[in-house]
Amino acid sequence: MSIQVSFPDGAVRSFERGVSGYDVAKSISEGLARNVLLAKVNGEVWDLSRPITSDATIQFLKWEDTDGKNTFWHSSAHLMAEAVEVLFPGVKFWVGPPVERGFYYDMDLGDRKMTEEDLVALEKKMKELAASKSAFIRKEISKPDAVQYFTEKGDEYKLDLLQNLQDGEITFYTQGNFTDLCRGPHIPNTGLIKAIKLTGLAGAYWKGDEKNKMLTRVYGVTFPSQKELDEYLALLEEAKKRDHRKLGKEMGIFCFDDDVGPGLPLWMPNGAIVIEELEKLAKETEEDADYKRVVTPHIAKESLYITSGHLPYYQDSMYPPMELEGVKYYLKAMNCPHHHKIFDAEQRSYKDLPLRLAEYGTCYRYEQSGELFGLMRVRCLHMNDAHIYCTREQFADEFRAVNDMYLKYFDIFGIDKYVMRLSLHDPAKLGKKYINEPELWLETEAMVRQVLIESNIPFVEVQDEGAFYGPKIDVQIWSTIGREFTLATNQVDFAQGRRFKLSYTNASNESEVPLIIHRAPLGTHERFIGFLLEHYAGKFPVWINPRQVKILPISDKYSDYAKNVYARLRKAGIRSEVDDRSEKIGKKIREAELQRASYMMIVGEKEMEQGEVSLRRQGRGDLGSMTLEMAIERLKKEISDRKDID
Ligand SMILES: [Zn+2]
Ligand SMILES: [Zn+2]
């Protein structure tokens with residue numbers, strides 16, 4: 001008996017019934033068989049050894065694939081549990097899922113405690129067990145047999161999990177001497193796990209409920225090669241040095257205060273300068289692109305958010321309402337509804353379109369205190385927002401212009417790795433998950449795709465993840481050390497216009513609903529500045545650096561000249577400070593470098609006599625003496641070009 005197996009490229013081949021994914025891979029090439037971890041059979045991720053018994057589509061997954069990594073890490077959690085059982089006999093296990101980078105397993109060690117030293121021993125034991133290359137063996141098991149197994153083992157946690165499973169859908173996985181209740185899938189064998197690092201130890205309440213017992217959670221990360229682990233550890237080290245919370249404090253960018261409240265950053269003078277520069281850039285760019293600026297209040301009546309649909313659907317993310325004159329008011333969580341009202345404030349004709357309304361809008365969102373994280377997750381945010389109201393005919397050009405703006409910003413900030421993620425609708429869910437406008441969906445999706453292709457922007461398409469009201473484009477960027485950030489979302493909207501009864505008169509004097517583009521290329525100040533701190537390791541380019549110049553007199557004798565230099569720089573619009581402490585010049589230079597000043601101007605006898613400064617560039621050393629005029633010209637050029645001279 002044979003079955004038909006179809007491949008992603010459309011090819012179809014016959015195989016013996018019961019053939020495994022591994023055999024299919026091997027029939028293609030030995031190399032492929034060595035590198036694949038899993039098979040996606042009819043869209044479901046399977047163990048490579050599982051027999052395929054009917055016609056199927058197949059796709060192979062490797063370490064490079066998200067499902068490949070997650071399964072690799074989850075399988076590593078099984079390996080860790082096996083090692084724990086050797087070192088802590090009688091341990092009971094709860095769950096061991098993969099996380100963003102690695103995995104954890106929650107366990108009950110009874111009255112024993114795990115220490116950092118135990119982690120070292122555990123790591124060693126895992127390596128030993130991995131070397132035996134035990135296969136992960138899947139076994140279907142009846143519910144009574146499964147219950148019996150864990151009753152005998154005395155693991156009430158697994159028995160709890162079993163309660164919610166149906167007979168006939170239960171599987172065990174065994175590798176070496178360890179058997180776990182698990183739906184799988186897993187990688188073929190433990191030998192693929194070549195590099196192991198246990199990264200942390202924590203307490204975690206059973207089922208996340210503080211009324212329950214505290215379990216021990218062990219975190220780890222594994223890789224298919226030592227090289228990848230080394231790279232990962234180096235990245236962690238570098239990321240720690242560039243941690244935006246640490247740099248933000250050292251550089252006087254932002255702080256938090258208990259009395260102000262969690263998640264509400266206070267921007268200090270240096271942070272305010274960075275914000276000002278970003279806004280100046282955005283305003284200039286938007287003015288060039290013919291945007292109009294608006295300003296809207298931070299609160300609005302409940303009815304506005306009922307119209308927009310934020311209430312009740314988004315209520316969990318909003319601050320609770322306050323009541324005034326018998327009416328409920330909410331802090332604004334998004335700027336869109338306010339902008340729609342400005343569109344609606346005047347009679348609009350097709351001649352007024354496209355209308356682009358921009359605002360650095362302040363929004364407030366309720367994030368749970370456990371979710372707050374530095375500037376990355378906050379409760380008050382300033383968004384580089386704008387809404388573009390246009391006709392269907394104008395849409396492609398408008399969308400292209402928005403993309404060009406993103407690219408311009410990427411160039412200015414030296415972001416060379418980015419991907420746009422285009423989320424589409426699912427026709428089967430029109431009228432439920434997606435607004436029922438089949439033609440508009442297809443038309444706008446096609447236009448967006450076309451524009452992305454034409455602008456040479458790398459993008460991936462994802463089915464069934466669009467917003468309710470239109471296709472969505474998430475922009476992911478990578479910092480210089482290769483960490484990924486989701487910067488902003490760019491959305492096409494054909495629902496809000498209707499909800500707000502927005503209209504314009506078209507050329508044949510009929511009323512039409514405009515399309516709306518939501519865009520925020522610089523995201524929020526909070527997240528973007530957090531990103532920039534890591535990206536530049538705090539060493540901002542001159543134009544955006546709060547400390548552009550530090551003036552360092554060699555001794556007190558030159559303080560007056562230093563103050564003259566300061567006055568001249570100030571007049572030229574260059575930010576500077578004088579360090580006139582009676583310290584050795586070497587120390588002053590070191591400190592200025594640490595403060596990440598872009599330039600140092602050192603002044604002594606010769607400089608004073610000749611109207612010069614001795615110029616020093618952060619991280620690059622001495623640039624020699626030059627007239628103050630020349631130094632100012634150099635800085636002014638870097639600032640106005642928003643580009644450092646190499
Ligand atoms: Zn498992
Ligand atoms: Zn919006």
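One-based numbering, in listed order, for ligands and for the atoms of each.
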Checklist entry - Quick one: which of H387, H338, H339 gives a side chain to side chain donor-acceptor pair (under 3.5 Å) with E359? => result H339

Next on the checklist: Going by the rule side-chain hydrogen bond (donor to acceptor under 3.5 Å, both in side chains), which residues pair with K62 if we only count those two or more places apart in sequence or in a different chain?
Outcome noted: none

Next on the checklist: To check you understand the geometry: which heavy-atom pair defines the closest contact between I170 and A146, and what is its length?
Outcome noted: CG2-CB, 4.2 Å

Checklist entry - Looking just at side-chain N and O atoms, do T489 and D474 make a donor-acceptor pair shorter than 3.5 Å? => result yes

Checklist entry - Is K433 paired with D426 through a side-chain N to carboxylate O contact shorter than 4.0 Å? => result no

Checklist entry - Ignoring water, what protein N, O or S atoms are under 2.8 Å from the Zn ion (ligand 1)? => result H74 NE2, H78 NE2, C182 SG, H186 NE2

Checklist entry - Centres of the H74 and F136 rings: under 6.0 Å? => result no

Item to check | For V462, side chain to side chain contact (heavy atoms under 4.5 Å, CB included) partners two or more places apart | outcome: R421, S423, E465

Checklist entry - Mind counting the protein N, O or S atoms sitting less than 2.8 Å from the Zn ion (ligand 2)? => result 3

Item to check | Output field: ring centroids F93/F178 closer than 6.0 Å | outcome: yes

Checklist entry - Out of E287, E279, E286, which residue meets the salt bridge (charged side-chain N to carboxylate O under 4.0 Å, His left out) rule with K283? => result E279

